[in-house]
Amino acid sequence: MPLKIYNTLTRKVEELIPGGIRKNTPEEYPPVTIYSCGPTVYSYAHIGNFRTFISNDFLRRYLKFRGFRVNHAMNITDVDDKTIKGSQQEGVTLAEYTKKYTGIFYEDLKTLNIEPVEHNPKATESVDEMINILKRIDENGILYEKDGSLYFNISKFPDYGKLSLLDKREIKSGVSFDADEYEKEDVRDFALWKAPKANEPFWETPYGPGRPGWHIECSAMIRKIFGTTIDIHTGGVDLVFPHHENEIAQSEAAYGEKFVRHWIHTEHLLVDGAKMSKSAGNFYTLRDLLARGYSPRSIRYLLMSAHYKKQLNFTLEGITQADQALERIDNFILRLNDRKNTSGENPGIENICSALIHEFIETVDNDLNISGGLGVFFDFIHKINTLISEDKVSGRDSEIVFETLKKIDHVFGFIFAVSDETEDADRERIDLLVNERIEAKKNKQFARADEIRELLKSEGVILEDTKDGTRWKRKK
RNA sequence: GGCGCUGUACCCAAGUGGUAAGGGGCAGGUCUGCAAAACCUUUAUUCAUCGGUUCGAAUCCGAUCGGCGCCUCCA
């Protein structure tokens, strides 16, 4: 069973064939080249941004889990209207300004347990490659200059519009296509290079000074890192038009070869059923949510748990539900830990574990069906839980289960990766109290036992009396 | 107006021709000194509505109604 993913360009679910030449196993393929449109570092990224980045992270992790090697780049857009404006308002250089928000962005990625990727190119460090592309487009007669800016001539690139089905679109009357204050021959031509304005940073080129148009940044970084056709290009749906359409036009017009094999677009996150916006009061950054006491792990779970091609309606209630799902996983791990010192061996465990891996792959291979994968995973927990209740899981068995959980967590990143669950400083004291309570119960001093239970409860520690003894956990 | 996503139980959410996964919640049960927690069991003759194709449809086709997004910077 091959891994299949929906391709925005062809509008079909297609097998992923890295390098374009079919091989027998994932390991035989060349590394999967992936480019993800990253953030513009002008402010804190919001949770909608992180939905896309988590969906990219899931793709990357799953490919590795399946045995593919990956070579993944995510850019940092560190020059555009917003970053320039922001730096001017704060009275700092563009570089200082973007450095601050780039740092914050990386911190947030780490908080959400999003894996670092192999390359993080910056637009400002890729200007040489942009000039190369400008030259090639110029040589091919598709570039024109007007008032110091350079434009892409859509009429000379017949393939223009194939990603966004532009020929099928009709322009709503009243929508201005000329909103960026630059003169163009055709309203749909787009700026490759923008003439410098007063007090704005600029770079020297053979075509004169100026700064990059937004779209050419990505084309240049992809060329610089990967050189040729890449396997996967990802981004949010809003980037289909015009950003990705323009990337295709530039790169293919410049180099005459296929730009990208698979386009993957993550649908938008809604908040309380509507588009997130500051004016609507439903705009959240990651840090807003953390300040309200929600855990990064729950947020990761929630953002990950729905299929990438469907809009995800984010609610605070949803985080709570995600948190409860995670608690089921945590309780499972606690129960598993309790089996550590039991002896014996249940041959059925190994079968259940390998069945989980097989079913998981079979499910998720179908266009990254994460919800289905979660279903398979919770089924597995249920099966093992039942065996634990029947006393049919030994210490050795539990180790096999743990190994399986670790494998799956390479994809999920929320089973064990719990940065917010550090070693409890009060562990010793709590253990002592718990033991005192066990003694009290033995001696039928129930008043004292209840007193200890209440004391710990007031500190947020929950005791669980099981038939094998008492264990405790922190209330979330 | 065009394009795209979408409508599955109280909430979240899989399932694209073979008879409704999973999580939360609710309700029972087990365990317990009592509780709590945990675990177990149960919870949609039905998939927005209407019609069609088919031996068979949530899944395909047509119509209708509804939610959301994009078409302007945007993950």
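Per chain, numbering begins at 1; letters A, B, ... match sequence-line order. Any value given below was found using the heavy atoms of this structure, including those in side chains, with hydrogens, waters and symmetry copies removed.
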For the aromatic rings, using the six-membered ring if either is Trp, is the centroid distance between A:Phe412 and A:Phe360 under 6.0 Å?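 Yes, the ring of A:Phe412 comes within the 6.0 Å limit of the ring of A:Phe360, centre to centre.
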
Are A:Tyr97 and A:Tyr101 close enough that their ring centres sit under 6.0 Å apart?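 Yes, they do, as the ring centres are separated by less than 6.0 Å.
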
Set out, line by line, the N/O atom pairs under 3.5 Å between protein and nucleotides 10-13 of chain B.
{"from": "B:C11", "atom 1": "O2", "to": "A:Gln321", "atom 2": "OE1", "distance (Å)": "3.4"}
{"from": "B:C11", "atom 1": "O2", "to": "A:Gln321", "atom 2": "NE2", "distance (Å)": "3.2"}

Under 3.5 Å, side-chain donor or acceptor atoms of residues 370-388 of chain A against the rest of the protein: list the pairs with distances, not counting sequence neighbours.
{"from": "A:Ser371", "atom 1": "OG", "to": "A:Ser305", "atom 2": "O", "distance (Å)": "2.8"}
{"from": "A:Asn385", "atom 1": "OD1", "to": "A:Arg335", "atom 2": "NH1", "distance (Å)": "2.6"}
{"from": "A:Thr386", "atom 1": "OG1", "to": "A:His382", "atom 2": "O", "distance (Å)": "3.0"}

Distance check: side-chain N/O of A:Asn56 vs OP1/OP2 of B:A75, anything under 4.0 Å?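 Checking B:A75 against A:Asn56, no side-chain N or O comes under 4.0 Å of OP1 or OP2.
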
Between the main-chain N or O of [Y] and the side-chain N or O of [X], is there a donor-acceptor pair closer than 3.5 Å?
| X | Y | result |
| --- | --- | --- |
| A:Ser87 | A:Ile84 | yes |
| A:Gln88 | A:Asn199 | yes |
| A:Asn56 | A:Ser36 | no |
| A:Asp189 | A:Ile154 | yes |
| A:Asn75 | A:Asn120 | no |

A:Asp330 with A:Arg297: basic N within carboxylate O range, under 4.0 Å: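 Answer for the salt bridge query: yes.
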
Heavy atoms only, 4.0 Å cut-off, all strands: where does [X] land among base, sugar-phosphate and nothing?
| X | answer |
| --- | --- |
| A:Gly236 | sugar-phosphate |
| A:Gly373 | nothing |
| A:Gly318 | nothing |

Using atom [atom1] of [X] as one end and atom [atom2] of [N] as the other, report the distance to the nearest whole Å.
| X | N | atom1 | atom2 | result |
| --- | --- | --- | --- | --- |
| A:Lys383 | B:G23 | NZ | P | 12 Å |
| A:Asp365 | B:A14 | CG | P | 18 Å |
| A:Tyr301 | B:G22 | OH | P | 13 Å |
| A:Arg51 | B:G69 | CZ | C1' | 12 Å |

State which residue, out of A:His262, A:His233, A:His72, fulfils the ring-ring contact (aromatic ring centres under 6.0 Å, His included) condition with A:Tyr35.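 Looking at A:His262, A:His233, A:His72, the match for A:Tyr35 under the ring-ring contact (aromatic ring centres under 6.0 Å, His included) is A:His233.
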
Let me have a per-nucleotide readout for nucleotides 32-39 of chain B, 5' to 3', with B, S or -, counting only protein heavy atoms under 4.0 Å. -BBBBBSS

Between A:Asp272 and A:Thr315, is there a side-chain donor-acceptor contact under 3.5 Å, judged purely by atom types and distance?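 Result is no, nothing qualifies.
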
For residues 264-285 of chain A, pull every pair meeting ring pair (Phe, Tyr, Trp, His ring centres under 6.0 Å), keeping only residues two or more places apart or in separate chains.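 Listed once each, the pairs are A:His46-A:Phe283, A:His244-A:His265, A:Trp263-A:His265.
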
Angle between ring planes, A:Phe157 versus A:Phe152, binned at 30° and 60°: parallel, tilted or perpendicular?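 A:Phe157 vs A:Phe152 ring planes: perpendicular.
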
Return the orientation label for the A:His215 and A:His243 ring planes: parallel under 30°, perpendicular over 60°, tilted otherwise.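 A:His215 vs A:His243 ring planes: tilted.
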
Please list, by residue number, the residues of residues 260-269 of chain A whose heavy atoms come closer than 4.0 Å to an atom of RNA chain B; answer none if no residue qualifies.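 Nucleic-acid contacts, sorted: A:Glu267, A:His268, A:Leu269.
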
Could you check which residues of residues 38-47 of chain A get a heavy atom under 4.0 Å from RNA chain B? Sort them by number, please.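 Close to the strand are A:His46.
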
For [N], the Watson-Crick or wobble counterpart (both distances under 3.5 Å):
| N | result |
| --- | --- |
| B:A37 | none |
| B:G18 | B:C55 |
| B:C68 | B:G4 |

By nearest nucleotide on RNA chain B, pick out whichever of A:Thr52 and A:Leu374 is the more 5' one.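 Of the two residues, A:Leu374 wins.
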
